[in-house]
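Only heavy atoms go into these numbers, but all of them, side chains included; no hydrogens, no water, no symmetry mates. Residue numbers start from 1 in every chain, and the chains themselves are labelled A, B, ... in the order their sequence lines are given, proteins ahead of strands.
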There are 2 protein chains.
Amino acid sequence: MRTIPAVKVSFKAQALQAREDAIMHAVNHLLADKGFDCMTVDEVAAQVGIAKASVYKHFPSKEDLAAAAMAQILRRAQAYMEALPVNLPALEKLRSVVRWAIERKLSGEMPSLPGQNCRLRAALVANPGYMNGLLAVSEQLGQWIAIAQAQGSLNPQLPATAVLFTLYARACDPVLEFLKAGGNYSDAEIMDLVLSTCFDGLNARAEPAPCSAPAPGSSPSPSPG
Amino acid sequence: MRTIPAVKVSFKAQALQAREDAIMHAVNHLLADKGFDCMTVDEVAAQVGIAKASVYKHFPSKEDLAAAAMAQILRRAQAYMEALPVNLPALEKLRSVVRWAIERKLSGEMPSLPGQNCRLRAALVANPGYMNGLLAVSEQLGQWIAIAQAQGSLNPQLPATAVLFTLYARACDPVLEFLKAGGNYSDAEIMDLVLSTCFDGLNARAEPAPCSAPAPGSSPSPSPG
DNA sequence: GTCTATAATCAGATAGAC
DNA sequence: GTCTATCTGATTATAGAC
């Protein structure tokens, strides 16, 4: 006599999934707030409201926690990129992705890992979700970079990989924290500043009126009040 | 009867100073290599070839080691900036400083600290050498930024603080590690790429003859590679 | 001041009851 | 699967001989 109907198993699975989501949520914010090294598994457990041993039932190590968080943010990035309008110019797609990443960072949802050393790198490359997500995002970005360069909207003299790395680096740019800590600018203003320095650079743009035709795509977005 | 002539004291002081220099050298490279959290005082002592307790005779804590390293690099930056030709245009002075910082980073002499949390912040602001150096460098950079913006060589629409923070951020840009890890570019090429993306941005520069140029970014040619 | 040896602490990971 | 309680190892920091 079967005493465990399928619906009960489903409930159980749902509870499991819900708890894992809660863990991921806590990890995301702790990684964004304190970074990997300063985040402790005790804090994760306390924030979720479970015991530390329970965390280790879901994730085999602290590194896997971080890897899962990165895989999740990459999946979200992938979904965002796929949802962009098809007819949007490639450069605008790239700007949108950077804007999306900055928004995530400003709202404390962007986990930042120490790119430097440790077992973290090993755990990351061993995590299929992370590697697949990174590959998919990089390939999509690479296509848009190539298109934007072919169209002349992105500097064709820059190697595509350098552009790609620069975009990734801007997703964890400490300038955001500096400006936010200064407290003199709203999130929207910070967004404009970072986007401007990323795509337009620090130099003054060439004057738009050497002749009668204004150059498209180079109009500096005016700072909001 | 005085048995300790002054010259002996001087020798002793020299030996002390030499040992402290050796400690700072090791700390600089370890901070550049592994970062603050992953650097251990045991490693510092081992690399210098002394006992760990001896390190603590020179510096009261691990945080003070990092603060001293930062104070040192700021003093070096200050010296470099003061040695720049007076008649160099302000924008070129700024570019030179960024170039100098990138060189230091590429050669593993630039300590990188986790900007995030911990007692490190407290130790830094409590260190007069660090605070004075940071203030002096920031003031000098701020002057050059203002001049460059007044001259129209630096984008005047950007707040000076945003430019300043961006310059600091580029001094610890992870793009350097990415490009170096890729192994496809020499240090000189990496330098050019980073300087270009910092000051010129990712966008294509305005064409020198924009009057008859076709509008970029408007022809969607989705041809993936 | 430098050393060896050790204290004190903290965080990652696990054992075993339920 | 979750909990309490514990182990294990690493790391900062210090005590005391020389």
Exercise. How about N155(A) and Q149(A): does a side-chain donor come under 3.5 Å of a side-chain acceptor?
Worked result: no
Exercise. Within 45° of the ring axis of Y56(B) and under 6.0 Å from its six-membered ring centre, is that where the NZ or CZ of K62(B) lies?
Worked result: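 Geometry flag: not set, cation outside 6.0 Å or 45°.
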Could you give the [atom1]-to-[atom2] distance, from [X] to [N], as a whole number of Å?
X: D37(A); N: dT12(D); atom1: CG; atom2: P; answer: 12 Å
X: E63(A); N: dA11(C); atom1: CD; atom2: P; answer: 15 Å
X: Y56(A); N: dT4(D); atom1: OH; atom2: P; answer: 16 Å
X: M39(A); N: dC10(C); atom1: CE; atom2: P; answer: 19 Å
X: F59(B); N: dT14(D); atom1: CZ; atom2: P; answer: 16 Å
X: K62(B); N: dT11(D); atom1: NZ; atom2: C1'; answer: 8 Å

Seminar exercise, completed: Under a 4.0 Å heavy-atom criterion, the protein footprint on nucleotides 1-8 of chain C, written with B, S and -, is SBBB----
How long is the straight-line distance from [atom2] of [Y] back to [atom1] of [X], given to the nearest 0.5 Å?
X: W100(A); Y: R76(A); atom1: CH2; atom2: CZ; value: 5.5 Å
X: E177(B); Y: K105(B); atom1: CD; atom2: NZ; value: 4.0 Å
X: I102(A); Y: R99(A); atom1: CD1; atom2: CZ; value: 8.5 Å

Exercise. For the residue pair S54(B) and I50(B), what are the closest heavy atoms and their distance?
Worked result: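 Answer, listing the atom of S54(B) first, then I50(B): CB-CD1, 3.9 Å.
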Exercise. Taking atom CD of E103(A) as the centre, does the number of heavy atoms from other residues, nucleotides or ligands within less than 6.0 Å exceed 12?
Worked result: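 For E103(A), atom CD is crowded (more than 12 foreign heavy atoms under 6.0 Å).
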Exercise. Just wondering, are more than 12 heavy atoms of other shown residues or ligands nearer than 6.0 Å to NE2 in H25(B)?
Worked result: no
Problem set entry | Partner of N28(A) under side-chain hydrogen bond (donor to acceptor under 3.5 Å, both in side chains), chosen from Q72(A), R104(A), E109(A) |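 By the side-chain hydrogen bond (donor to acceptor under 3.5 Å, both in side chains) criterion, N28(A) pairs with just one of Q72(A), R104(A), E109(A): Q72(A).
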For this session: Measure from the side-chain N and O atoms of D173(A) to the backbone N and O of L176(A), and report whether any donor-acceptor pair falls under 3.5 Å.
Result: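 No: the side chain of D173(A) does not pair with the backbone of L176(A).
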Exercise. Which of residues 22-30 of chain A sit near DNA chain C, with a heavy atom under 4.0 Å from it?
Worked result: none
Exercise. Which angle, to the nearest 10 degrees, lies between the helix axes at the two ends of the helix from dG1(C)-dC18(D) to dC18(C)-dG1(D), each defined by five pairs?
Worked result: 10°
Problem set entry | Contact check, side chains of K34(B) and E43(B), non-hydrogen atoms, under 4.5 Å | yes
